[in-house]
Trainee: 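Please see the structure below; I have some questions.
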Number of protein chains: 2
Amino acid sequence: MTSADLRTRNQVRLLRAVHDADAPLTRADAARRLGIGRNTAGALVAELERARLLHEVPAETSGRGRPTTLLVPHPDGPLAFAVDFREDAWTLASVALGGAITELEGGEHDRTPRAFADIRAAIERHASGRLAVVGFATSGPIRDGRRLHISHLAWEDVELDDLIGADWPTTAVDNDARLAGLAEARRGALRGMGTAMHFHIDFDIGGTLLLGGDAQRGAHNIAGEFGHMPLTGSALRCMCGVLGCWSLDVGANALMRRFGGEPGYGTGRELAQEVLRRAEDGDPEAGAAVDANAAALGRGLGALANALDPEAISLSGLGVDLIRLRREVIEDHCAEGLMAFRRDEPPRIVSGTVGAAGPLTGAAEIAWDAILTEAWVRARR
Amino acid sequence: MTSADLRTRNQVRLLRAVHDADAPLTRADAARRLGIGRNTAGALVAELERARLLHEVPAETSGRGRPTTLLVPHPDGPLAFAVDFREDAWTLASVALGGAITELEGGEHDRTPRAFADIRAAIERHASGRLAVVGFATSGPIRDGRRLHISHLAWEDVELDDLIGADWPTTAVDNDARLAGLAEARRGALRGMGTAMHFHIDFDIGGTLLLGGDAQRGAHNIAGEFGHMPLTGSALRCMCGVLGCWSLDVGANALMRRFGGEPGYGTGRELAQEVLRRAEDGDPEAGAAVDANAAALGRGLGALANALDPEAISLSGLGVDLIRLRREVIEDHCAEGLMAFRRDEPPRIVSGTVGAAGPLTGAAEIAWDAILTEAWVRARR
DNA sequence: CATTTTTTGTTCAAGTCGTGAACAAAAAAC
DNA sequence: GTTTTTTGTTCACGACTTGAACAAAAAATG
């Protein structure tokens, strides 16, 4: 590492600070935050402005002192696109430095890999020279970052390379639940935490362990199937091939099974919503089902907290409803699952604040992660 | 970060390379490994020699070319001490740069916190000006790095600060199972892996998740109680206060329960060894017990692999015996617990290679981690 | 045995970088 | 109108890594 690399490194740190801040940073602020002199900050920013990575606009003054400038994305700067590919629809958005999301287009799809062609066409419709990296969120595990297993679309071992081909822009792909967790860690309820977890509860449970603001991927990029641990003593066989998965007792599938629906990825989401609504209105049968769901959720969270000791656990999807309707049930059963000596300091269980935009937001984050590197910035100068 | 810090950073990287290498590095080797020029390496080493952090000795020549030097610990360089504090005994060792361990002293103790005074006296007997940091391995969770919970010594919430006082040398403390895992990750069976797990099986199971060669600690430094997740459907209540812990079915306590011993931390280790011996000799009852133990172990490992996707899982303690006697049982039940799509690529289950020296080795690693920092090296120059 | 090849150590000029100090600039407070 | 506070700018300085060129030391070659 030469002294020139030092410069690049500081520029990346500066850009990262701008990207991560929730309010625009002033130049003097940024200098303090990075622990560098105002002169150095000036030199860094000047170069970044010339590279069209950062733009300075006058900041409205506040308090005394010479007025400073706000560091904002350059109007001709790089953009990340983010794609949220769901089971029957997709969304394409553009994301500027700092994380501001502009939805560009969305569409439904026919559940065949052809959908990727539609998405690529949409990307091309909106792409300009400013497009730098596409972040892509999809459901299902993505083994080694290349092979898709989306069971409810009956995509088994679909090669990602075949789908996106060589003519796509630079792309960073990851799993939706994991990206939702990343979004909470970077811009939501888990911000600033060293150890945290996130779970998305839909038909079943997917999640991720978040360490220092990064989602863990595992050795084959398929970490996060927490729903497929036998945490609640179920005797049923899960669609994944294992006996007794936690997911059998938590999420829409568990509600459907109880109310006669066939577990699977069809219209069950409406049924689940209806059960929640009825429970909210006082229907005892629905209430019992929601109780059981919340209890199983809490029990599993307690077990996981013993092993991984998160500071907080955020939930999305049905988890938000369960917290709203049954916080106490979740927390009580979580406490029961906690080792006695931990019960005075249980993990905080919170609703995610990024909400349904989680996968899209997380996709934007991994795209910007690919941009905010020394290699990329060095090449841009 | 000024250019002077760049120098320190490179010196730390150099020292780290020397420490991590399994064979002494030559100066030219080190330069290549760090990607720096021979001239820079020469300057770095000269300064480190002056700071008594590194010593150069002529390397026996091999192949052609001008002979080079071997980078070895300086004879007056800093030393780490490592302590392994077990339930009834302790060991004190001295560890040089590179990880070479010299056992200094050991002793038994009376299971009261007084043991710490003995250990401190031993440290003082052996300490010289070269002692830099003491790494300390103890059983039981250490909440926030300060409060000990060693249930089988009936130490509940013992304040570590009271025990080691202000007059101890700089100390890095951590849990023994976690340090055993760290030892495997740094110098054993898990070396070089991005995601791996280690479990120590004694009376029950303790373990750690290893990411990029580092053991995860959690938000309150009490991560790793994987044994207290309900992975095997037990209906018993565990000593920890939770129903159905994995540890109830794996380890010496499970064997003792089966053979009439009272679960607890007494003499059960001999009983467990006897059961293993009898199983090895073909005793059917003992064999069945060992089978059950191995099956429960494998089932839990499969579940954890779904969630955390380790490349390999290493075992220590009884786990080594279980692998030796029942590898197939473990692997079969692990596969049953794995989601179907992962079964063609299961985590490798291996015996740890550091063995009983795990906690001591891990303690040495965290001590050297505290030395091999930019702040420490800068202060030393 | 002399020469060539290979590898490593050493020296030196060149190019960068961040710093700290001093000063200028611009606003608010007095 | 003056003082105080905060920020921007300039510049000399010290420190670092690099790359090239050359020296040194061993093995290989003939």
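A, B, ... follow the sequence lines: proteins, then strands. Residue 1 opens every chain.
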Trainee: Let me know the distance between CD of B/Q11 and P of D/dA15, rounded to the nearest Å.
Mentor: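 Atom-to-atom, B/Q11 to D/dA15, this comes out as 14 Å.
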
Trainee: In residues 19-34 of chain A, which ones come under 4.0 Å of DNA chain D, going by heavy atoms?
Mentor: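 Contacts with DNA chain D under 4.0 Å: A/R27, A/A28, A/R32.
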
Trainee: If you measure only the distance, is there a donor-acceptor pair under 3.5 Å linking the side chains of B/H220 and A/D309?
Mentor: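 Present: a donor and an acceptor within the cut-off.
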
Trainee: Does the distance from a Lys or Arg side-chain N to an Asp or Glu carboxylate O, for A/R187 and A/E365, drop under 4.0 Å?
Mentor: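 Yes, charged N to carboxylate O under 4.0 Å.
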
Trainee: Between atom CZ in A/R13 and atom P in C/dC17, what is the gap in whole Å?
Mentor: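 That distance rounds to 15 Å.
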
Trainee: Would you say that B/M197 contacts B/S314 through its side chain, given a criterion of any heavy-atom pair below 4.5 Å between the two side chains?
Mentor: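 No, every pair of side-chain atoms sits at 4.5 Å or beyond.
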
Trainee: Expressed in angstrom and rounded to an integer, what is the separation of B/R38 atom CZ from D/dA21 atom P?
Mentor: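 My rounded result for the distance is 13 Å.
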
Trainee: What's the verdict on side chain to side chain donor-acceptor pair (under 3.5 Å) for A/H198 and A/T208, showing C-alpha distance, side-chain angles and the deciding distance?
Mentor: CA-CA 6 Å; A/H198 178 82; A/T208 185; over 6 Å; no

Trainee: Which comes earlier along DNA chain C counting from the 5' end, the contact point of A/R64 or that of A/A4, where each point is its nearest nucleotide?
Mentor: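 Counting from the 5' end, the first nearest nucleotide belongs to A/A4.
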
Trainee: When the distance from CZ of A/R9 to P of D/dC16 is rounded to whole Å, what number comes out?
Mentor: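 Distance check: A/R9 CZ to D/dC16 P gives 16 Å.
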
Trainee: May I have the distance from B/E47 (atom CD) to D/dA15 (atom C1'), rounded to whole angstrom?
Mentor: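 My rounded result for the distance is 10 Å.
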
Trainee: A/N39 side chain: which of D/dC11, D/dA21, D/dG8 is closest?
Mentor: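 Output: D/dC11.
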
Trainee: Using a 4.0 Å heavy-atom cut-off across all strands, classify A/T68 as base, sugar-phosphate, or nothing.
Mentor: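 Sugar-phosphate only.
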
Trainee: Base, sugar-phosphate, or nothing: which does B/D5 touch, judged by heavy atoms less than 4.0 Å apart?
Mentor: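 Touches nothing.
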
Trainee: Between B/R66 and A/G63, which is nearer to the 5' end of DNA chain C once each is assigned its nearest nucleotide?
Mentor: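 Result: B/R66.
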
Trainee: For the side chain of A/R178 and the backbone of A/G362, is there at least one donor-acceptor N/O pair under 3.5 Å apart?
Mentor: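 Not at all, since once roles are kept as given, no pair shorter than 3.5 Å links the two residues.
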
Trainee: Would you say B/R186's side chain and B/R191's backbone share a donor-acceptor pair under 3.5 angstrom?
Mentor: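 No: the side chain of B/R186 does not pair with the backbone of B/R191.
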
Trainee: B/T69 has a side chain; which of C/dG9, C/dA25, D/dT17 sits nearest to it?
Mentor: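 Side chain of B/T69 sits closest to C/dG9.
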
Trainee: Do any N or O atoms from the side chain of A/R13 and from the backbone of A/L34 form a donor-acceptor pair under 3.5 angstrom?
Mentor: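 Yes: the side chain of A/R13 pairs with the backbone of A/L34.
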
Trainee: Would a 4.5 Å heavy-atom cut-off, applied to side chains only, mark A/R16 and A/D369 as touching?
Mentor: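 Yes. Closest side-chain heavy atoms under 4.5 Å.
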
Trainee: Across the strands shown, which category fits A/G37 at heavy-atom distances under 4.0 angstrom: base, sugar-phosphate, nothing?
Mentor: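 The residue A/G37 makes sugar-phosphate contact but no base contact.
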
Trainee: From C-beta outward on B/T2, which listed nucleotide comes closest to its side chain: C/dT19, C/dA27, D/dT7?
Mentor: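 Out of C/dT19, C/dA27, D/dT7, the nucleotide with an atom closest to B/T2's side chain is C/dT19.
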
Trainee: How many Å lie between CD on A/E49 and C1' on D/dG8, as a whole number?
Mentor: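 Checked: the CD to C1' distance equals 15 Å.
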
Trainee: Kindly say whether, by distance alone, the side chain of A/S3 makes a donor-acceptor pair under 3.5 Å with the base of C/dT16?
Mentor: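 Result: at least one qualifying N/O pair found.
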
Trainee: If you check the B/P67 side chain, which of D/dA26, C/dG9, D/dT17 turns out closest?
Mentor: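 Nearest listed nucleotide: D/dA26.
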
Trainee: Is A/R7 near enough to C/dG18 that one of its side-chain N or O atoms lies under 4.0 angstrom from OP1 or OP2?
Mentor: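 So the side chain of A/R7 is within the cut-off, an N or O lying under 4.0 Å from OP1 or OP2 of C/dG18.
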
Trainee: Would you kindly give the CG-to-C1' distance between A/N10 and C/dT19, to the nearest whole Å?
Mentor: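 So the CG-C1' distance, A/N10 to C/dT19, works out to 13 Å.
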
